[in-house]
Amino acid sequence: MITMHRILLTSSQRSLRSSRPKVAATATATATATTTPTHAASLSTAALVHDDNDANRFSIRGKFRTGRASYLDMSSTTPLDPRVLDKMMPYFTLLGCYMRARKSSFSRDQTVIDATLSCSIVYALNILSRFNIPFAARCSLTHAFANFHSSRSNVQIGSYGNPHSRTHSYGWESESTVEDARAQVASLIKASPKEIIFTSGATESNNLSIKGAAHFYGGEGKGKKHVITTQTEHKCVLDSCRSLEQEGYEVTYLPVQSSTGLVDMEQLENAMREDTFLVSIMAVNNEIGTRQPIEEIGALCRKKKILFHTDAAQMLGKLPIDVNAMSIDLMSLSSHKIYGPKGIGALYIRRRPRVRLEPLFSGGGQERGLRSGTLPHTLCAGFGAACELAEKEMEIDDAWIRYLSDKLCSGIEARIPMVTRNGHPELRYPGCVNYSFAYVEGESLLMALKNVAVSSGSACTSASLEPSYVLRALGVDDELAHGSLRFGIGRFTSEAEVDFLLDLLEDHVGRLRDMSPLWEMVQEGIDLKTIQWSQDAHH
Amino acid sequence: MLRRIASRSSNFVYSYSQTRPFPKPSHLATTTQQQIRQHGDGPGPDAPTIQLTFINPDDSQTTVAARIGETLLQTAHRTGIEIEGACEGVCACSTCHVILDQELYDTLLDETEGGHLGEDEEDMLDMAFGLTHTSRLGCQIHVSEVMEGSVITLPKATRNFYVDGHKPKPH
């Protein structure tokens, strides 16, 4: 049974390869089908009909490897860096054993601290072995032990206090963790820690900036009611602007340059009015990777005394950011795009000159009154650790990702004809690569690429059937937009994954094009735009 | 031996203030406006006065005589206006939040160094309830002649608001 199955597989593969028609050889397709080796047909349970041979020829059944797909969707989210998990683990634990990290300022107490530490560990281990502590707790002790030499963190295991509790050491430790993380995030964007507030993610930060600024600076009697943004923004920005429109504000959605996605500076300046109070333009687009000219936009907004908000979720930790050089007033940051935990982000709010926002929800006034609620110091610690790592490794990550991205792009363009890259060729983040494959149906290509995890648009719009609005703003027509794929390359992507992807793409794009009558017509030189499709074709 | 060392370790009180020597970033090293942090009563009853009108949270108006040189918070406490002033005027809370009219706000802003309020006052104002463009902290405004006849609006509530109608007395 098994050997028969194996022979069947190999012969179907063989027939597929041998029967792929070359350019402008449509006649040979039918010829090859009839002359397929009969031993393959006799082992197959299907009847000897031409249709079934075609199905076998184009079938992808049984061609997939088992196991997890290779992850190439880093623009939608990134895996947690193990070093970040190490920093987060102690705060998730319950054990009450308290240890203090070695701090350089306490060098004269070093010996006593060491003694206390080692005794605490021995004492704790003693307790552990007596009470049959479960595996996870023992692991966390190991983590903490590995961690207590860290120079920054103040506390180790058993630190589960509320950071806003003022009256006991559990609270102080957690608060200290949050403040350390705040400093780490701030240092990555060259801001002051006082200017960072933690939120639940970039979506909340975007909402807080746009709606908060609108409600403070706009509204009845204040005269300011105009917001400028672009058509390629993230959905949360566009939706926030739309909800402001419901409240009576006016929003200008600027178009972008076709095929590159860059904002036109002249158009932006012309759109600014007397009653404009906010410009919101994202730094790096999450679908096409285009990097907007943030420094110029910031300078223009500063000149006109308009607030400049940017969604830097895709730029943080990948390209250098300097909030003062770029004259940024508000910036949304996300943790899970830089190998940190999901569920935490931050908002940078300039203090000089002071930017004021109205909070989205009311409460105890934490985070400068702008974001009430208990902070998850565990996630904050993870975010801070991810930022610290990003700061240290930005150059080497950039070199690696640039190398892989160039390999991918040149590979696709060399091996597959009629592809278009969406986005600006130079002003971009190299890790986000978006290609449109002409005459290929996008969903079927995605399904064929089952062994690779890629996306066909941004994650937030992948549920709907409409093609991506970002590609539409670039002027890509609907069919081409449907045949587009976005590849995300990151710190943990290997060269083998890129090679594997290239092989798969060449294979399956070729196969799908073989199936496509449009491709045949294009190969014969027919211009598809001159064809009068019949009335019945579109239902 | 373990027990002896363990008992010695219990003598190490976790000293929070020692473990957070957080360095102040250089670009924020100095505040331009010196915060008012005085204790004590302010000028005596024979100081010159000006008339000020307070609009209370229940929309009633009270006109009082404010002594020149004292802070607005001291005026309010002395004349029975309902401002809480939880920190007693050292710029550590936002309960003395008052709303000025645009003219007076601009006049007072011109008198500050650098043309903007001090960092600490701005920080406390960030947390104030019902913040507006012309909000100030009452404990940071010294009464002067330019304020003759001004109208000072109190916000409808503060961070320490009580839903049961309780009104804290000034200490």
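Computed from a predicted model, the values in this text were never measured in an experiment. Labels below follow one simple rule: chain letters A, B, ... track the order of the sequence lines, proteins then strands, and each chain is numbered from 1.
- Enclosure of atom CD in B:E122 by more than 12 non-hydrogen atoms of other residues, nucleotides or ligands within 6.0 angstrom is indicated.
- At a 4.5 Å heavy-atom cutoff, the contact between A:R368 and chain B is made by backbone and side-chain atoms alike.
- In this structure, the portion of B:T132 lying under 4.5 Å from any heavy atom of chain A is its backbone and not its side chain.
- Here the closest heavy-atom approach between residue B:A86 and residue B:T95 is recorded as N-OG1, 2.9 Å.
- Distance check: A:I328 CD1 to A:D322 CG gives 8.5 Å after rounding to the nearest 0.5 Å.
- Your options are B:H133, B:M124, B:M127, and the one with the most heavy-atom pairs under 4.5 Å with chain A is B:H133.
- Below 30°, between 30° and 60°, or above 60°: for A:F277 and A:Y249 the angle between ring planes is above 60°, a perpendicular geometry.
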